[in-house]
Amino acid sequence: MSKGKFYITTAIAYTSRKPHIGNSYEIVMTDAIARYKRLQGYDVFFQTGTDEHGQKIEEIAAAEGITPKQHVDRVAGEIKDICDLLNTTYDKFIRTTDPDHEKVIQKIFKKLYDQGDIYKGHYEGMYCTPCESFWTESQLVDGKCPDCGREVKPAREEAYFLKLSKYQKQLEEYIESNENFIYPESRKKEMLNNFIKPGLQDLCVSRTSFKWGIPVDFDPGHVVYVWLDALANYITGIGYDPDGSSELYKKYWPADVHIIGKDIVRFHTIYWPIMLMALGEPLPKQVFGHPWLLFGTDKMSKSRGNVIYADDLVELFGVDAVRYYLLAEMPYASDGSITYENMIERYNADLANTLGNLVNRTVAMTNKYFDGVVQPGDEAETIDAELKALAVETVGKVDKLLAEYRVSDTLDAIFALAKRCNKYIDETTPWALAKDESKKARLGTVLYNLLESIRFTAVLLSPFLPDTADKIFAQLNTDIKDYDSLSEFGALKAGTQVGKAEPIFARIDSKEMFEKIEARAEASQEAAKEENAEVEGLAKIGIEDFAKVELRVAEIKDCEPVKKAKKLLKLTLDDGGKAPRTVASGIAKWYKPEELIGHKVIVVANLKPAVLCGVESNGMILAADCDDEAKVVFVDGMPNGAKIR
């Protein structure tokens, strides 16, 4: 019997480019919550998707020489592929270019305009293209966008506005009277004190300076501003329509929780609720703003050259290992961190040792001492009670922690049970019991307690590491996987024949893994060279082909070795652009970092990015092959950014 409905969403991913592993955390977290709710017996609807309109998309597509639709089709495909690769169980993948979504957005805009909540005016302010946001001078930080820190440009254009100010008091009262609406508490205080109480400015909800958006059908020169378009996906995706909504919408709305990044809490707890208030629709029950996953201590970004992608990690470590790291490494209210070193360490300590070794040796001992037959657990001793109690108590802990979206703490609780099992093995010494025939029944009880505790662990882990849980169930040879079976200890049936003991997670040799990572980086670098650089001996090119290669003078501002990559140096270059350029170069064999800093080199500036050992290389510096060494081409004395023709 269903415990009721549960509607959960992620923020929809912006289709500017392929998402990195930090972006992938959100979909995995949301999937784990959705799976656990299903396990508990809830009727779950889980929605994710892509945000595909806006000026930024239009500009990227123009630079690529393709249409915006061609660009978003490609990137949306990449995003969906990553969701599928990470074994996520979404029920709906919405795209804001879906015709039914676009049609309803036009109806929403017209409804709000007709009832006076949207009005026409002019906007004059500072505009950040990457964030699709207008700012006043007072909102800027050091003259730049307060959200992303990038440059802003003055803009003035005719626009439609949503009357945020009209609903300010209503929103403020709602947030203060619904203490669980914004999670965690720190985000709630930030929204109230920093944005709402100082006074809300009416929101620009249309643009005229670009075309890639949903047209305002009664004023064709305008397109719907991307935030109104994107936020409404949570209701259009389940069938909202101002002219009459679907049964699906009536069943699942309001959403039980929106899972979003901390950087877009303002949009989801101010703009979105006011849109719903204006439409006369219920507000979502909760908005949870999760922290970021950093590369070491830095935010992941292309300009920093520290982007890691989910598909690369899955190929190296496997799907469940990646899911586990993402979920276990991210604290509740502070940023998490990813490095290859940390990932290997967690893999070996938690997955291979604590969990994998526990399952392997328990199943192996059952096969060795009882021909694989699960024994009755009726020779109990006092020492057993603590393990049994912990198994049952862990279920309640997991319920409570996950209800507060403390995913990392949830996994800690589950692995605490696995650690207690390993301690129980040390306390009961099954190998010693096996030497005494009179202790045979006691040995059978010890192994039963371990097998049943492992079953508890597998059921609780199934929303987080679904493939791993299935492997454990296969080794236990049990189909008792339901949540209700965890109400008391002892559901595993005596007389069951366990399967063969096989390692679930083989321990990783750190040295070998880093050699593999470096080899992949080198292969990626070579592929980039083959794709983008000309090789001696190929057919001659015309001047129009050479003109496609953009060569610039760049100064080496910083240089450091790439960890565990013997041949690579990470160069930070000033090529006259607004942001530093990161390039990974395989010249570590011939140059030390201090020998390069301050020199000027020629960089291929329009080379497609390539990820090399976790460093995203945005370009290539020129060097000459001289017998057995490479010599960098230095151009000291030339101005930074000068083009080589």
Side-chain angles (χ1 to χ4, degrees), residues 21 24-25 28-29 31-33 35-36 86-87 293-294 296 308 310 313-332 334-364 387 390-391 393-395 397-398 401-402 406-426 450-451 453-476 501-514 517:
I21 192 65
S24 301
Y25 164 73
V28 175
M29 175 191 179
D31 177 67
I33 297 168
R35 284 176 179 268
Y36 195 80
L86 292 169
N87 199 4
L293 183 68
L294 306 178
I308 298 175
L313 286 179
V314 166
E315 192 169 334
L316 289 166
F317 296 96
V319 173
D320 273 9
V322 174
R323 284 177 64 104
Y324 176 71
Y325 187 90
L326 291 175
L327 297 173
E329 190 64 25
M330 183 72 81
Y332 172 65
S334 58
D335 294 331
S337 172
I338 184 166
T339 65
Y340 286 117
E341 291 88 347
N342 289 348
M343 191 155 185
I344 293 169
E345 183 179 340
R346 262 202 182 269
Y347 181 105
N348 284 336
D350 297 350
L351 299 178
N353 290 355
T354 298
L355 180 63
N357 192 37
L358 168 65
V359 175
N360 187 267
R361 59 178 176 163
T362 301
V363 173
L387 178 63
L390 180 62
E393 289 167 7
T394 300
V395 182
K397 287 180 185 176
V398 169
L401 289 167
L402 210 59
R406 295 181 177 271
V407 180
S408 175
D409 295 336
T410 299
L411 283 170
D412 284 347
I414 298 171
F415 272 77
L417 176 57
K419 290 175 182 176
R420 185 64 188 85
C421 288
N422 283 316
K423 183 181 177 184
Y424 180 77
I425 292 174
D426 295 337
L450 287 168
L451 291 166
S453 297
I454 289 170
R455 188 188 69 82
F456 264 70
T457 303
V459 174
L460 293 173
L461 274 180
S462 60
F464 307 93
L465 310 181
D467 290 345
T468 300
D470 285 344
K471 290 176 183 177
I472 295 173
F473 291 134
Q475 291 197 32
L476 297 179
E502 295 179 342
I504 297 173
F505 293 100
R507 186 173 175 81
I508 291 174
D509 181 288
S510 179
K511 183 174 181 292
E512 290 180 3
M513 177 58 79
F514 275 107
I517 291 168

Set of ring pair (Phe, Tyr, Trp, His ring centres under 6.0 Å) partners for Tyr347, sequence neighbours left out: Phe505
Counterpart residues, side-chain hydrogen bond (donor to acceptor under 3.5 Å, both in side chains), relative to Asn342 (two or more places apart): Thr339
Nearest-0.5 Å distance, OG of residue Ser453 to CG of residue Asn422: 11.0 Å
Asn87 side chain near Arg35 side chain, heavy-atom distance below 4.5 Å: yes
Inter-residue atom distance Leu402.CG - Thr410.OG1, 0.5 Å rounding: 4.5 Å
CA sep, side-chain torsions, deciding dist, call: Met513, Phe317, side-chain contact (heavy atoms from CB on, under 4.5 Å): CA-CA 9 Å; Met513 177 58 79; Phe317 296 96; 3.9 Å; yes
All ring pair (Phe, Tyr, Trp, His ring centres under 6.0 Å) counterparts of Phe456, not counting sequence neighbours: Phe489
Pairs touching residues 505-514 that satisfy salt bridge (charged side-chain N to carboxylate O under 4.0 Å, His left out), sequence neighbours left out: Lys511-Glu515
Sub-4.5 Å side-chain heavy-atom contact between Phe514 and Glu341: yes
Least distance between heavy atoms, Ala458 atom then Ile472 atom: CB-CG2, 3.7 Å
Partners meeting side-chain hydrogen bond (donor to acceptor under 3.5 Å, both in side chains) with Glu502 (sequence neighbours left out): none
Full working for side-chain contact (heavy atoms from CB on, under 4.5 Å) between Leu465 and Val319: CA-CA 9 Å; Leu465 310 181; Val319 173; over 6 Å; no
Closest heavy-atom pair and its distance - Ser408, Ala328: OG-O, 2.8 Å
Salt bridge (charged side-chain N to carboxylate O under 4.0 Å, His left out): pairs with one or both residues in residues 347-362, sequence neighbours excluded: Arg346-Asp350
Stepwise side-chain contact (heavy atoms from CB on, under 4.5 Å) check, Tyr324 with Thr468: CA-CA 10 Å; Tyr324 176 71; Thr468 300; over 6 Å; no
Contact check, side chains of Ile504 and Asn360, non-hydrogen atoms, under 4.5 Å: no
All side-chain contact (heavy atoms from CB on, under 4.5 Å) counterparts of Asp470, not counting sequence neighbours: Phe473
Counterpart residues, salt bridge (charged side-chain N to carboxylate O under 4.0 Å, His left out), relative to Glu345 (two or more places apart): none
Test item: Val322 and Glu315 side chains (from C-beta on) under 4.5 Å apart, heavy atoms: no
Partner of Met330 by side chain to side chain contact (heavy atoms under 4.5 Å, CB included), out of Val407, Ile338, Leu293: Leu293
Worked check of side-chain contact (heavy atoms from CB on, under 4.5 Å) between Leu417 and Leu387: CA-CA 8 Å; Leu417 176 57; Leu387 178 63; 4.3 Å; yes
Nearest heavy-atom neighbours spanning Ile414 and Leu460: CD1-O, 3.6 Å
Nearest heavy atoms of Ala418 and Leu358, plus distance in Å: O-CD2, 3.8 Å
Residues that Tyr36 engages under ring pair (Phe, Tyr, Trp, His ring centres under 6.0 Å), provided they are two or more places apart: none
Ser24: partners by side-chain hydrogen bond (donor to acceptor under 3.5 Å, both in side chains), with sequence neighbours left out: none
Partners meeting side-chain hydrogen bond (donor to acceptor under 3.5 Å, both in side chains) with Arg323 (sequence neighbours left out): Asp31
Backbone of Phe415 reached by a side-chain donor or acceptor of Thr457 within 3.5 Å: no
Which atom of Leu351 lies closest to which atom of Ala321, heavy atoms considered: CD1-CA, 3.8 Å
Any residue meeting side-chain contact (heavy atoms from CB on, under 4.5 Å) with Ser462, in chain and number order, not counting sequence neighbours: Leu39, Ala469
Heavy-atom check, side chain of Thr362 versus side chain of Ile425, under 4.5 Å: yes
Shortest non-hydrogen contact between Asp320 and Asp467, atoms and distance: OD2-N, 3.2 Å
